Number of protein chains: 2
Amino acid sequence: MTLATIRDVAKKAGVSVATVSRVINDSGYVGQDTRKKVKQAIEELNYSPNEVARSLYQRKSKLIGLLIPDISNPFFPLLARGAEDHMRSRGYQAILGNVQEDPEIFSEYLKTFNKNNVAGVLSAVNTPAISDYAEPLVIVDRVTDKTEYSVFSNDYQGGMLAAKAILQGRPKNILVVAGPQAIKRSQDRIAGIESILSRQPIAYKIIHTNSFQIADAEKMAFKIFEDYPEIDSVIAPNDIHALAILKQGLLLGKKIPQELQVIGYDDIPMTRLSSPTLSTIHQSTYRLGWLGAKLLIDLIEDRNISDKKIMLPVRLVAGDTIRK
Amino acid sequence: MTLATIRDVAKKAGVSVATVSRVINDSGYVGQDTRKKVKQAIEELNYSPNEVARSLYQRKSKLIGLLIPDISNPFFPLLARGAEDHMRSRGYQAILGNVQEDPEIFSEYLKTFNKNNVAGVLSAVNTPAISDYAEPLVIVDRVTDKTEYSVFSNDYQGGMLAAKAILQGRPKNILVVAGPQAIKRSQDRIAGIESILSRQPIAYKIIHTNSFQIADAEKMAFKIFEDYPEIDSVIAPNDIHALAILKQGLLLGKKIPQELQVIGYDDIPMTRLSSPTLSTIHQSTYRLGWLGAKLLIDLIEDRNISDKKIMLPVRLVAGDTIRK
DNA sequence: ATTCAACATGTAACCGGATACACATTAAGG
DNA sequence: CCTTAATGTGTATCCGGTTACATGTTGAAT
């Protein structure tokens, strides 16, 4: 049996389609008993309005494009989950776009989103091209100075917390592994770290990594101990790198945290299962997604927006990989 | 500037909308120079057909509903990624549905998918209610006997491999932690495990868990060593549980793998970063998603389908948590 | 009694494509 | 030269909603 249409309902209730539409959308005037009749017809036919037809006329659907650099990076599923939970509660759906840091795929997705009349885009990816995009747009995590609407963590504070935690363990040689230099988040993080470290007489070195892939983190971890055998403390750019470094340290027979301190960033769920438990800086990843979705939908629905840029606090999760 | 429509293109090229449509879709007859004129107009206007309008007429969109029990479980992002990669290559998009094992949300999503004229549904979730669903449907992973189109791993073989690997380490007391009894995958796994273990004189015990949440895995791991202090080998239902058990074992001061063997299941990416490296049974998770999407789209597009039920092989990934 | 606003409902156009059908035109075959 | 099939193009309708506008009540205020 094919799905009932608004005309079927209208016929059954003995009214016009306009009236049925008014009942569905609670718009305009509808008499008491007419409303009742229509509701009954809807009930009996198990009618539910077709979203595609609605989208066509409104030129706006209930779909939201969700751009993620890489869902197989464990940071993003939580973000996606938060975003999706909020969207569902407001009657929206996410169209998934896994961009893999590829600008081609990125703009391909933006195009597809447009063809589908998405109501807006929530992006955890950023490229200069994104500013051309006309739809309501909220950036989470990968913020730049140009982004108008965004939700992100206080990375300066995060950097400070990580540095302080490491300093507490009286380190002799600190290595800071930083994320891509081009990303503002990384810059803030480094600024936070240096604001603390530079006041101390302790030697530290900063190196950069451009990949958050596990395989690359493993290679990096290997290389670190070759290039800097004397280090006893590492501030990692995320938990993946931290775990890789931790593992490599253990393989080299180092006592954790006595001979090697490691602190990660993000607090992805798996850190709880590492041995020893990784110390890390907690980001409210789920909330990042949730608030991003909220901000976007508020924007879409023209609500009052109290804050275009939302910065979330981070906190230290003291595990067993830093000295107390 | 608003997007160009097919009528704009028709006007610019001096032809009718039907002709433009024929050019776009390569259908019917179009003259050589007419085709050229139309293509040029499309180019100049940067026209790209509106997917919503097309969906409305066809009663079928280029969207595919993707149902996942929980994306924050690290098994599923890889699956989603495989599915999405294939979909994109065939011109389809995934609408994300995170179901959290809740039948309410599940059917809510199916409804929304329908309202959006999805072309089909790819589901890593299964409930009896799903058989009512009319659209093309492919189930990945969570297969039952009733599922018509499906892609899944050879869990019987997986169970055998895990049991054999554990046996090689000359265990004295084996504990098998199994997934939910209701899920056929778990049953097959157990059958495979028992087909090996039952031929040996070694004592083993099977217990069940119903959750794959990290917190629950931690509780379970704690309980295991209280209830069965004598065990020296554990076959876990997935890597999360395995890692939790491994960690708890280490906390209790057990030598790995001398005093405690652990084998997981799935081979989620993070296992590579565990210390010691977890031994596990590898599932081709990405391929599961990829092939699921392929099967579904073949179904949608009425292609020849050589195999309605695709079973993928698994293999042992020998880490450092089993004795050789 | 007249006027006007609030209420109630229907008609028809519109959103942007796809396509059935009608109507040429051309070329091939008898 | 005529018939017929293949080719090329346009007109109008449909998909399933939303809404501008027209029309018709009803009741309160003047």
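Computed from a prediction, not measured in an experiment: that's the story for all the values here.
- The CG atom of N116(A) sits 12 Å away from the P atom of dG17(C) (whole-angstrom rounding).
- The interatomic distance linking E51(B) (CD) with dG17(C) (P) rounds to 10 Å, in whole Å.
- Salt bridge status for E135(B) with K60(B): absent, with no side-chain N to carboxylate O gap under 4.0 Å.
- Distances shorter than 4.0 Å separate some side-chain N or O of N25(B) from OP1 or OP2 on dA18(C).
- Residue R7(A) contributes atom CZ, which lies 10 Å from atom P of dC14(D) at whole-angstrom precision.
- In this structure, the CG atom of L56(A) is 7 Å from the P atom of dG16(C), given to the nearest Å.
- At whole-Å resolution of the value, CG in N117(A) and C1' in dT18(D) are 15 Å apart.
- Although no hydrogens or angles enter the test, the distance criterion places no donor-acceptor pair under 3.5 Å between the side chain of N98(A) and the main chain of R81(B).
- Between R90(B) and D298(B) there is a salt bridge, with a side-chain nitrogen of the basic residue lying less than 4.0 Å from a carboxylate oxygen of the acidic one.
- A salt bridge between D26(B) and R35(B) is present, with a side-chain N of the basic residue lying under 4.0 Å from a carboxylate O of the acidic one.
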Taking only N/O atoms, report every protein-nucleotides 24-26 of chain D pair under 3.5 Å with atom names and distance.
none

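- Across all strands shown, S21(B) has heavy atoms under 4.0 Å from base atoms, whether or not it also approaches the sugar-phosphate.
- Summarising the local packing, CD of Q40(B) is surrounded by 12 or fewer heavy atoms from other residues, nucleotides or ligands at distances under 6.0 Å.
- Side-chain atoms of D70(B) and Q100(B) include no donor-acceptor pair closer than 3.5 Å.
- Below the 3.5 angstrom threshold, one finds no donor paired with an acceptor across the side chain of R59(A) and the base of dG16(C).
- Remark: P of dG10(D) and NZ of K11(B) are 14 Å apart, rounded to the nearest angstrom.
- Per the geometry, CG belonging to D26(A) stands 15 Å off C1' belonging to dT18(D), to the nearest Å.
- The pair K37(A)-D33(A) fails the salt-bridge criterion, with no side-chain N (NZ, NE, NH1 or NH2) lying under 4.0 Å from an Asp/Glu carboxylate O.
- At least one side-chain nitrogen or oxygen of Y47(A) sits closer than 4.0 Å to the OP1 or OP2 atom of dG17(D).
- No donor-acceptor distance shorter than 3.5 angstrom exists from the side chain of D266(A) to the backbone of I268(A), with no hydrogens or angles considered.
- Side-chain proximity of R54(A) to dT19(D), dT19(C), dG17(D): nearest is dG17(D).
- Judged by distance alone, the side chains of R54(A) and N25(A) do bring a donor and an acceptor atom under 3.5 Å apart.
- As rounded to whole Å, 17 Å separates atom C1' of dG17(C) from atom NZ of K60(B).
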Report all interatomic pairs (protein N or O, nucleotide N or O of nucleotides 7-11 of chain C) with separations under 3.5 Å.
| residue | atom | partner | partner atom | Å |
| --- | --- | --- | --- | --- |
| dC7(C) | OP2 | Y29(A) | OH | 2.7 |
| dT9(C) | OP1 | T34(A) | OG1 | 2.3 |
| dT9(C) | OP2 | G31(A) | N | 2.6 |
| dT9(C) | OP2 | T34(A) | OG1 | 3.0 |
| dG10(C) | OP2 | S16(A) | N | 2.8 |
| dG10(C) | OP2 | S16(A) | OG | 3.2 |
| dG10(C) | OP2 | T19(A) | OG1 | 2.7 |
| dG10(C) | N7 | R22(A) | NH2 | 3.3 |
| dG10(C) | O6 | R22(A) | NH2 | 2.5 |

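- Mapped onto DNA chain D by nearest heavy atom, V52(A) and Q58(A) fall at different nucleotides, with V52(A) at the one closer to the 5' end.
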